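Structure incoming, see below.
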Protein chains: 2
Amino acid sequence: MVGSARDVEIPLENQQIKQAGLKVTAPRVKILEILEQSGKRHMSAEDVYKALLSHDEEIGLATVYRVLTQFEGAGLVCRRHFEGGQSVFELNSGEHHDHLVCVKCGKIVEFLDTTIEKRQARIAAEEGFKIEDHSLVVYGVCPDCQKKRG
Amino acid sequence: MVGSARDVEIPLENQQIKQAGLKVTAPRVKILEILEQSGKRHMSAEDVYKALLSHDEEIGLATVYRVLTQFEGAGLVCRRHFEGGQSVFELNSGEHHDHLVCVKCGKIVEFLDTTIEKRQARIAAEEGFKIEDHSLVVYGVCPDCQKKRG
DNA sequence: GGTATACTGAAAATCTTTCGCATCTTGCCC
DNA sequence: GGGCAAGATGCGAAAGATTTTCAGTATACC
């Protein structure tokens, strides 16, 4: 009646990795776990690497980059290039969205606005461009940081 | 009757640099000239450096970066972080605009859409954010590149 | 013109990300 | 269950973009 052993032997992560056409290896499973379990939706490769270290996982930074890039290619995660050097990765939630980033504390709010999407499509069409992707990031100061420093 | 010598001794670039609170030096004047005279509105530091070399100017790449960063701080130019490694700089035209970038040939089209700007402002307000800046880049394939490869 | 200050060039340092290669694992067949 | 080939990993080294260091030089101002 309680789940058989098999239930825990094939966790969801493994299936996702397998479906992506990748071998199920410890680094891949661990990285996917980190992405799912860490409270942060947006993590840099360095963040993931540090999280792995704090879980006593012996995984090289190069592997983290390699795996994240593969996950990106497989559509499991999205890579974002915000200002400030490093890229951040987030689990692919299935639907596109844009970002509001606090320049003080780094807090990130996701949003989706169909009006903006439509205008973009129209503008691209007017110029004859075929859209492949787009990136909209609004930088500002979040409510908390506004309170903290007048 | 013809302009006195003074007219040509104080070109506009020098005034812009001086007003920015910077000393008028050869590298700064040359870099500003390149930005104004080159046909491209968007140049990477490397582009500027190469343009200087082809004008037989002995200016180091480090200086190009330094000067462009100072110009950015002074509001003379804007720095843009598109995907693909390097930043590009453009002369500050005074009014904000967004970009449509061809992923094949790198062509860049600027556009401004008040509907999008308004929606951004509203979204930020709903989240309590005070907007400082924003970046909207639409990546696609331009008409020319669409023709070239089906 | 003289001088304090700011600027420059070249090399070295940083930082993020990727590569090369020897070694180790996984997935799969028997 | 063992063996094998393809694919992964880890490490250090490399690459690419940008910044810093530092000693020498030029600029602004008196």
Side-chain angles (χ1 to χ4, degrees), chain A residues 9-11 13-32 34 42-50 52-53 55-74 76-89 106, chain B residues 9-11 13-32 34 42-50 52-53 55-74 76-89 106:
Chain A
E9 279 168 4
I10 308 180
E13 287 88 2
N14 295 23
Q15 297 181 43
Q16 295 178 285
I17 293 169
K18 193 163 283 182
Q19 281 171 20
L22 301 169
K23 285 187 180 175
V24 176
T25 64
R28 289 178 181 156
V29 174
K30 297 298 179 191
I31 289 172
L32 201 45
I34 293 288
H42 303 79
M43 301 183 80
S44 67
E46 193 77 32
D47 290 337
V48 173
Y49 178 60
K50 285 184 189 144
L52 287 166
L53 289 185
H55 283 59
D56 292 314
E57 298 294 342
E58 297 285 327
I59 295 177
L61 184 53
T63 299
V64 174
Y65 275 104
R66 247 185 320 232
V67 169
L68 287 173
T69 302
Q70 292 162 336
F71 282 0
E72 184 192 12
L76 275 144
V77 305
C78 294
R79 183 195 297 242
R80 310 278 182 183
H81 307 261
F82 296 158
E83 312 226 356
Q86 13 184 48
S87 301
V88 297
F89 297 83
Chain B
E9 279 169 2
I10 308 181
E13 285 90 1
N14 296 21
Q15 297 181 42
Q16 295 178 286
I17 293 170
K18 194 163 285 184
Q19 282 172 20
L22 301 169
K23 285 188 179 175
V24 177
T25 63
R28 288 177 182 157
V29 174
K30 297 297 178 192
I31 289 172
L32 200 45
I34 292 289
H42 302 80
M43 301 183 79
S44 66
E46 195 79 32
D47 290 338
V48 173
Y49 178 61
K50 283 183 190 144
L52 287 166
L53 289 185
H55 283 58
D56 292 314
E57 298 293 343
E58 298 284 327
I59 295 177
L61 185 54
T63 299
V64 174
Y65 274 105
R66 234 179 337 226
V67 170
L68 287 172
T69 302
Q70 291 163 337
F71 282 0
E72 183 193 12
L76 265 92
V77 305
C78 293
R79 183 196 297 244
R80 310 278 181 183
H81 307 262
F82 297 156
E83 312 227 353
Q86 12 185 48
S87 301
V88 298
F89 298 81

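Remember, it's a predicted structure, so these values are computed and weren't measured experimentally. Each chain gets a letter, A, B and so on, in the order the sequences are listed, and its residues count up from 1.
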- Interatomic distance, Glu57(A) CD vs dG10(D) C1' [rounded to whole Å]: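 After rounding, the reported distance stands at 15 Å.
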Short N/O separations, protein against nucleotides 26-30 of chain D, under 3.5 angstrom:
unit_1, atom_1, unit_2, atom_2, d
dT27(D), O2, Lys23(B), NZ, 3.0
dA28(D), OP1, Val24(B), N, 3.2

- Inter-residue atom distance Ile59(A).CD1 - Leu52(A).CG, 0.5 Å rounding: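 Between Ile59(A) CD1 and Leu52(A) CG, I get 4.5 Å after rounding to 0.5 Å.
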- Task: Rounded to the nearest 0.5 Å, what's the gap from NZ on Lys50(B) to CG on Leu61(B)? Could you check?
- Result: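 Rounded to the nearest 0.5 Å, the NZ-CG separation comes to 10.0 Å.
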- Compare every heavy atom of Lys18(B) with every heavy atom of Val24(B), then report the nearest pair and how far apart it is.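 So the two residues come closest at CG2-CE, 4.0 Å.
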- Task: Over all heavy atoms of both residues, which pair between Phe71(A) and Ile31(A) is shortest? Give the atoms and the distance, please.
- Result: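 It is CE2-CG2, 4.2 Å.
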- Message: Keeping Arg28(B) on the side-chain end and Lys23(B) on the backbone end, is there a donor-acceptor pair under 3.5 Å?
- Response: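 Yes.
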- Query: Could you give the CD-to-C1' distance, from Glu72(A) to dT18(C), as a whole number of Å?
  - Reply: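 Going from Glu72(A) (CD) to dT18(C) (C1'), I get 14 Å.
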- Task: Round to a whole Å and report the spacing from NZ of Lys30(B) to P of dC7(C).
- Result: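 Nearest whole value for this atom pair: 19 Å.
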- Query: Does a side-chain N or O from Arg28(A) land closer than 4.0 Å to OP1 or OP2 of dT9(D), or not?
  - Reply: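 Yes, within the criterion.
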- Flag side-chain contact, heavy atom, 4.5 Å: Glu46(B) against Gln86(B):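 Answer yes - side chains close enough.
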- Query: In whole angstroms, how far is the P atom of dC11(D) from the CG atom of Leu53(A)?
  - Reply: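 It is 10 Å, rounded to the nearest whole Å.
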- Message: I need the CD-C1' distance between Glu83(A) and dT18(D), as an integer number of Å.
- Response: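 From Glu83(A) CD to dT18(D) C1': 15 Å.
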- Query: Expressed in angstrom and rounded to an integer, what is the separation of Gln70(B) atom CD from dT18(D) atom P?
  - Reply: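 Answer to the nearest Å: 16 Å.
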- Select from Ile59(A) and Ala45(B) the residue whose nearest nucleotide in DNA chain D is closer to the 5' end of that strand.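 Per heavy-atom nearest nucleotide, the more 5' residue is Ile59(A).
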- Which part of the nucleic acid does Glu58(A) contact within heavy-atom distance under 4.0 Å: base, sugar-phosphate only, or nothing?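 Touches sugar-phosphate only.
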- Look up atom CZ in Arg79(B) and atom CD in Glu83(A), then write down how far apart they are to the nearest 0.5 Å.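 The CD atom of Glu83(A) is 9.0 Å from CZ of Arg79(B), to the nearest 0.5 Å.
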- Atom CD of Gln86(B) and atom P of dC15(C): how far apart are they, to the nearest Å?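 Result: 21 Å.
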- Message: Categorize Ser44(B) for me: base, sugar-phosphate, or nothing, with a 4.0 angstrom heavy-atom threshold over every strand shown.
- Response: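 Since no nucleic acid heavy atom lies under 4.0 Å of Ser44(B), the category is nothing.
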Heteroatom pairs (N/O) under 3.5 angstrom, protein to nucleotides 19-24 of chain D:
unit_1, atom_1, unit_2, atom_2, d
dT21(D), O4, Arg66(B), NH1, 3.4

- Below 4.0 angstrom from OP1 or OP2 of dA8(D), is there any side-chain N or O of Thr63(A)?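 Negative; the distance criterion is not met.
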- Which whole-number value in Å describes the distance from Tyr49(A) OH to dT17(C) P?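 It works out to 14 Å between those atoms.
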- Can you name the closest pair of heavy atoms from Ala45(B) and Val64(B) and give their distance?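 Residues Ala45(B) and Val64(B), closest heavy atoms: O-CG1, 3.6 Å.
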- Closest contact, heavy atoms only, Val77(B) versus Phe89(B):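 Of all heavy-atom pairs spanning Val77(B) and Phe89(B), the closest is CG2-CD2, 4.2 Å.
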